[in-house]
Amino acid sequence: MRRPPRAHGPRGLRFALPPRRVFEPPSYPNVWFYVSERLAPSQAAAVEFITGWLRDHCGIADDFARFKPPEASDSQARLGGLQPWREAADPGRRHAHDLHIRYYYVALRQNGMDRVVVTDAGLAAAERRVHRNAPGRGAGREGERSAYRRFAGSVHYEVEDEHPLHPYVEDCPFCGRTGDYAGAEDLFAGVHEPLGLELLLYGTIRGQPVSRPDGRPVPGLVGLR
Ligand SMILES: [Zn+2]
Ligand SMILES: [Zn+2]
């Protein structure tokens, strides 16, 4: 069994992620949302804040036209109709793409893992540097602690759900094992997952900005800053 990844946040924040056994899905969640308790006093409020923002600002919504296996998730959503690949020689391989995310929160709450207190060691160190010429000042920030409500997601980029070839087309220049991803061992973990993270976080695929079908850009979570 693989250990959960040790995640580092901005300014060296350290996040102790829950063990693999908390999750039933086949792969460990690849994105974690930590929302300050100052913004969200409960996990439900954190889920509404983030998923609502992604719905309203990025168009990531539950609009699946058919049953979609939850894979132990508590809800899921997508942004469809992206980057249509119209140049495929075989018309049957032409397809648009989904950014698909599954959200996980109930098991975390049931296991008492939805609230975390993070020691902001990075901030304390920065404060010490700022105040190194003024002994005493800033010392009170050593190990400052902040409380967060958290939940997880599993995000990937793939052939649209409605297409007969969903989820994989190996030679697609957008979602396939091509370009910088030509050497990926696993098409899901090595291509679809990192592309999904890139789009969710930065609004790009392979460095190129992605537009929604109506032409609006996908801002990505960096838009929250
Ligand atoms: Zn999917
Ligand atoms: Zn594709």
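Counting starts at 1 for both ligands and their atoms, in listed order.
- In terms of distance to the Zn ion (ligand 1), the nearest N, O or S atom of H156 is named NE2.
- Counting only distance, with no hydrogens or angles, the side chain of R149 and the backbone of S36 share no donor-acceptor pair below 3.5 Å.
- Note: Y103 and F33 have tilted aromatic rings, judged against thresholds of 30 and 60 degrees for the angle between ring planes.
- Between W32 and Y28, the ring planes are tilted. Angles from 30° to 60° get that label.
- Checked against the 6.0 Å centroid threshold, H192 and Y168 count as a close aromatic pair.
- Looking only at its N/O/S atoms, H100 has ND1 as the one nearest to the Zn ion (ligand 1).
- The atom of H95 that is an N, O or S and sits closest to the Zn ion (ligand 2) is NE2.
- Taking backbone and side-chain atoms together, E158 has an N/O/S atom less than 2.8 Å away from the Zn ion (ligand 1).
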